[in-house]
Protein chains: 2
Amino acid sequence: MESQTHLNQKVQRFSEECRQKGLSVTHQRLAVYKKLAATKSHPTVEELYDLIVPDFPMMSLATVYKTLETFEKHGFVSKTRPTGEKARFDANLNPHHHLVCKVCGCIEDVYDEALSRINLPDTKTSNFRIEDFRVDFRGVCSECQ
Amino acid sequence: MESQTHLNQKVQRFSEECRQKGLSVTHQRLAVYKKLAATKSHPTVEELYDLIVPDFPMMSLATVYKTLETFEKHGFVSKTRPTGEKARFDANLNPHHHLVCKVCGCIEDVYDEALSRINLPDTKTSNFRIEDFRVDFRGVCSECQ
DNA sequence: TAAAAATTTGATAATAATTATTATTTAATA
DNA sequence: TATTAAATAATAATTATTATCAAATTTTTA
Ligand SMILES: [Mn+2]
Ligand SMILES: [Mn+2]
Ligand SMILES: [Zn+2]
Ligand SMILES: [Zn+2]
């Protein structure tokens with residue numbers, strides 16, 4: 001659970017960065033960002049939409065799609081698609097890894113300092129330039145056990 | 001590049017396992033398996049279909065979909081869905097990780113003994129039961145540089 | 001080997017997720 | 001507040017994937 005003040009700071013930074021990048025700070029964008037920054041659940045587009053609609057009945061699903069696309073392009077959120085169907089989003093940009101449930105598809109964040117110290121594999125022969133890496137730990141969440 | 005004899009052995013084993021599991025060994029299934037086992041490119045369903053059609057003009061795209069679904073269910077292939085659009089398939093079931101190109105979406109296999117020895121993160125508090133893990137090294141392939 | 005039973009295929013329809021279109025509305029700026 | 005560029009909402013279109021089902025093929029049984 002993020003503290004309320006921390007969340008407000010995050011939203012504040014988001015608004016400033018939008019202006020810096022020439023993006024209008026609209027009610028819709030604020031609503032999407034706030035809901036996403038307030039949860040750890042890596043919601044799908046539709047889940048986010050359902051979270052927002054009660055507070056914001058005129059919100060359109062297509063706007064949530066486009067907003068998240070914009071956010072991803074500008075580096076406000078990350079998008080992931082583990083084995084399940086739908087894309088999932090995360091406003092947590094600190095480098096971290098994921099626990100992915102094979103049963104229900106839910107995602108939990110996992111931080112592990114040791115992982116940041118692994119040696120990158122040798123890619124001299126294929127000449128692939130590695131920029132970063134993410135680990136998906138796959139298994140069964142507590143709910144599904 | 002797989003050697004031809006190694007590939008033949010793999011197809012041989014595949015046929016035997018199909019029979020053991022009560023799956024008919026059809027021309028279509030052999031064609032899909034052979035093409036997939038012969039490439040390292042992690043093709044999409046449509047790419048596989050296009051590879052197969054010249055040799056096998058009556059092949060249906062729906063059959064490729066269904067065949068791959070069957071193969072995955074029976075553990076003959078693995079399916080992966082990077083951030084891009086389409087699912088990609090791999091007949092290489094040795095535990096390995098992936099180099100994923102951020103530009104074109106291509107996937108290369110990467111083996112790294114050191115990775116198999118990492119300590120799993122502590123999940124006592126969330127009670128998530130980790131079964132395995134996969135690392136996506138993200139960056140830019142040689143083609144796209 | 002031939003007939004019967006079971007499975008698979010191919011053609012196509014249906015569905016689900018996502019993206020494109022466009023008239024209207026809103027936000028930023030002067 | 002008026003101007004202008006950008007964003008939204010409603011909805012159509014597209015794309016990837018799955019479902020349906022009669023016909024064909026494969027496997028089993030006699
Ligand atoms: Mn996360
Ligand atoms: Mn692979
Ligand atoms: Zn679960
Ligand atoms: Zn590339």
Side-chain angles (χ1 to χ4, degrees), chain A residues 11 14-35 42-50 52-74 76-89 105, chain B residues 14-36 42-50 52-74 76-89 105:
Chain A
V11 174
F14 163 77
S15 303
E16 285 162 16
E17 274 198 63
C18 277
R19 288 199 195 86
Q20 280 172 20
K21 296 180 185 209
L23 291 174
S24 305
V25 181
T26 62
H27 294 143
Q28 289 86 342
R29 284 178 177 161
L30 279 171
V32 171
Y33 189 80
K34 281 179 184 168
K35 281 292 179 201
H42 303 77
T44 64
V45 177
E46 200 130 19
E47 284 166 354
L48 261 178
Y49 173 75
D50 291 341
I52 293 164
V53 157
D55 306 350
F56 208 142
M58 72 292 286
M59 173 69 80
S60 150
L61 180 61
T63 299
V64 183
Y65 270 103
K66 202 161 351 180
T67 300
L68 288 166
E69 187 189 21
T70 304
F71 285 1
E72 199 203 0
K73 188 163 62 192
H74 287 85
F76 291 122
V77 306
S78 72
K79 181 178 180 179
T80 181
R81 293 222 315 183
T83 35
E85 305 304 293
K86 305 175 190 175
R88 289 171 170 273
F89 291 85
Chain B
F14 164 77
S15 303
E16 285 160 16
E17 274 199 64
C18 277
R19 288 198 197 87
Q20 280 171 21
K21 295 177 184 211
L23 290 174
S24 305
V25 181
T26 62
H27 293 143
Q28 287 86 341
R29 284 179 177 160
L30 279 170
V32 172
Y33 189 80
K34 280 179 185 168
K35 281 293 179 201
L36 190 59
H42 302 77
T44 65
V45 177
E46 199 131 19
E47 284 166 355
L48 259 180
Y49 173 74
D50 291 341
I52 293 165
V53 156
D55 307 349
F56 207 142
M58 72 292 285
M59 173 69 79
S60 151
L61 180 61
T63 298
V64 182
Y65 270 103
K66 203 167 344 186
T67 300
L68 288 167
E69 188 190 20
T70 304
F71 286 0
E72 199 204 1
K73 187 163 61 191
H74 287 85
F76 291 122
V77 306
S78 72
K79 181 178 179 177
T80 180
R81 301 222 320 178
T83 33
E85 304 306 292
K86 304 176 190 175
R88 290 173 170 272
F89 291 85

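Chain letters run A, B, ... following the sequence lines, proteins first, then strands; residues in each count from 1.
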Item checked: Over all atoms of both residues, closest heavy-atom pair of A:R88 and A:G105 -> NE-O, 3.6 Å

Distance below 4.0 Å between [X] side-chain N/O and [N] OP1 or OP2:
X     : N      : answer
B:Q28 : C:dG10 : yes
A:T63 : D:dA9  : yes
A:Y65 : C:dT18 : yes
A:T67 : D:dA7  : no
A:H27 : D:dA7  : no
B:S24 : C:dA6  : no

Notebook entry, point to check: With respect to the side chain of B:R81, which nucleotide from D:dT26, D:dT17, D:dT8 is positioned closest?
Noted result: D:dT17

Check: Which listed nucleotide (D:dA9, D:dT17, C:dA11) is nearest to the side chain of A:K66?
Finding: D:dA9

Note to self: Nearest heavy atom decides the nucleotide; on that basis, is B:E46 or B:V25 closer to the 5' end of DNA chain D?
What the structure shows: B:E46

Next item on the list: Map A:G22 and B:L61 onto DNA chain D by nearest heavy atom, then report which one ends up closer to the 5' terminus.
Entry: A:G22

d([atom1], [X]; [atom2], [N]) in whole Å:
X     : N      : atom1 : atom2 : value
A:Q20 : C:dT29 : CD    : P     : 12 Å
A:L68 : C:dT19 : CG    : P     : 11 Å
A:Y49 : D:dT8  : OH    : P     : 14 Å
A:Y33 : D:dA7  : OH    : P     : 18 Å
A:F89 : C:dT18 : CZ    : C1'   : 10 Å
A:M58 : D:dA7  : CE    : C1'   : 15 Å
B:L23 : C:dA6  : CG    : P     : 17 Å
A:K21 : C:dA28 : NZ    : P     : 16 Å

Note to self: In the structure I gave you, are the side-chain heavy atoms of B:F14 and B:L30 within less than 4.5 Å of one another anywhere?
What the structure shows: yes

Notebook entry, point to check: Any side-chain heavy-atom pair from A:L68 and A:L48 closer than 4.5 angstrom?
Noted result: yes

Notebook entry, point to check: With a cut-off of 6.0 Å (strictly less than), are more than 12 heavy atoms of other residues, nucleotides or ligands near NE2 of A:H74?
Noted result: yes

Margin query: Check for me whether A:K35 meets the cation-pi criterion with A:F56, that is, NZ or CZ under 6.0 Å from the six-membered ring centre and within 45 degrees of the ring axis.
Written below: no

